[in-house]
Amino acid sequence: MRVCFRSSVQPALLDEYRRRHAAVWPEMLHALKEAGWHNYSLFLAEDGLLVGYVECDDFDAVRARMALTDVNARWQAEMARLFEDSGQAPDEGFQVLEEVFNLDSQLLQQRGINQSHQTDAQHRKEPS
């Protein structure tokens, strides 16, 4: 599954957020990978908008697996003050966004429709 989420970093702390994410702790990187976070990216706007993207088997499950790790608890505690809502761990404040378009999915669907039409046309041309 593909998941996109948003959050908000305090605009005054964007440079620190960038610095911390330029060299994430190796233990955290390995924990994310082992928990099932694949093709994970974060995007940051100048106003503090943070958009994340991850591919995983089940978003709730990969988040739960990360919640069981000590390194995640330490990382979230370090990052909490950088976020707009510092009353909760940053990874608990993710607002998941609805996927409304995916190019590859629609191309596959279109290919399936075209193949179905071709098969129907071939059956109509075949003599009975």
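Numbers for residues simply follow the sequence, beginning at 1. Note that these values count all heavy atoms, side chains included, but never hydrogens, waters or copies made by symmetry.
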TODO: Please find out if less than 6.0 Å separates the ring center of H30 from that of W37.
DONE: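 That pair fails the under 6.0 Å test.
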
TODO: Assert yes or no for the condition that the ring centre distance of F83 to Y17 is strictly below 6.0 Å.
DONE: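 Ring centroids of F83 and Y17 are less than 6.0 Å from each other.
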
Would you call [X]-[Y] a salt bridge at under 4.0 Å N-O?
X	Y	value
R18	E46	yes
R19	D15	no
R63	E92	no

Side chains of [X] and [Y]: does their closest heavy-atom pair fall under 4.5 Å?
X	Y	result
H38	K33	yes
P11	E84	yes
V9	L14	yes
R81	L13	yes
C56	M1	yes

- [ ] Identify, with sequence neighbours excluded, every residue that meets salt bridge (charged side-chain N to carboxylate O under 4.0 Å, His left out) alongside D57.
- [x]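 So D57 forms a salt bridge (charged side-chain N to carboxylate O under 4.0 Å, His left out) with R65.
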
Task: Partner set under salt bridge (charged side-chain N to carboxylate O under 4.0 Å, His left out) for R20, not counting sequence neighbours - done: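 For R20 the salt bridge (charged side-chain N to carboxylate O under 4.0 Å, His left out) partners, ignoring immediate neighbours, are E16, E78.
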
- [ ] Please list, chain by chain and in numerical order, all residues satisfying side-chain contact (heavy atoms from CB on, under 4.5 Å) with A45, sequence neighbours excluded.
- [x]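 With sequence neighbours excluded, A45 shows a side-chain contact (heavy atoms from CB on, under 4.5 Å) to D47, L49, given in chain and number order.
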
Task: Mutual orientation of the aromatic rings belonging to F59 and F5 [parallel < 30°, tilted 30-60°, perpendicular > 60°] - done: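 Judged by the thresholds at 30° and 60°, the geometry between F59 and F5 is parallel.
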
Open item on the list: Please tell me whether N102 and Q106 have a donor and an acceptor in their side chains that are separated by less than 3.5 angstrom.
Closed with: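 Side-chain D/A pair, N102 to Q106: absent.
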
Are [Y] and [X] connected in a single hydrophobic cluster, I mean Ile/Leu/Val/Met/Phe/Trp/Tyr linked by side-chain heavy atoms less than 4.5 Å apart?
X	Y	value
W25	M66	yes
V51	L32	no
L50	L97	no

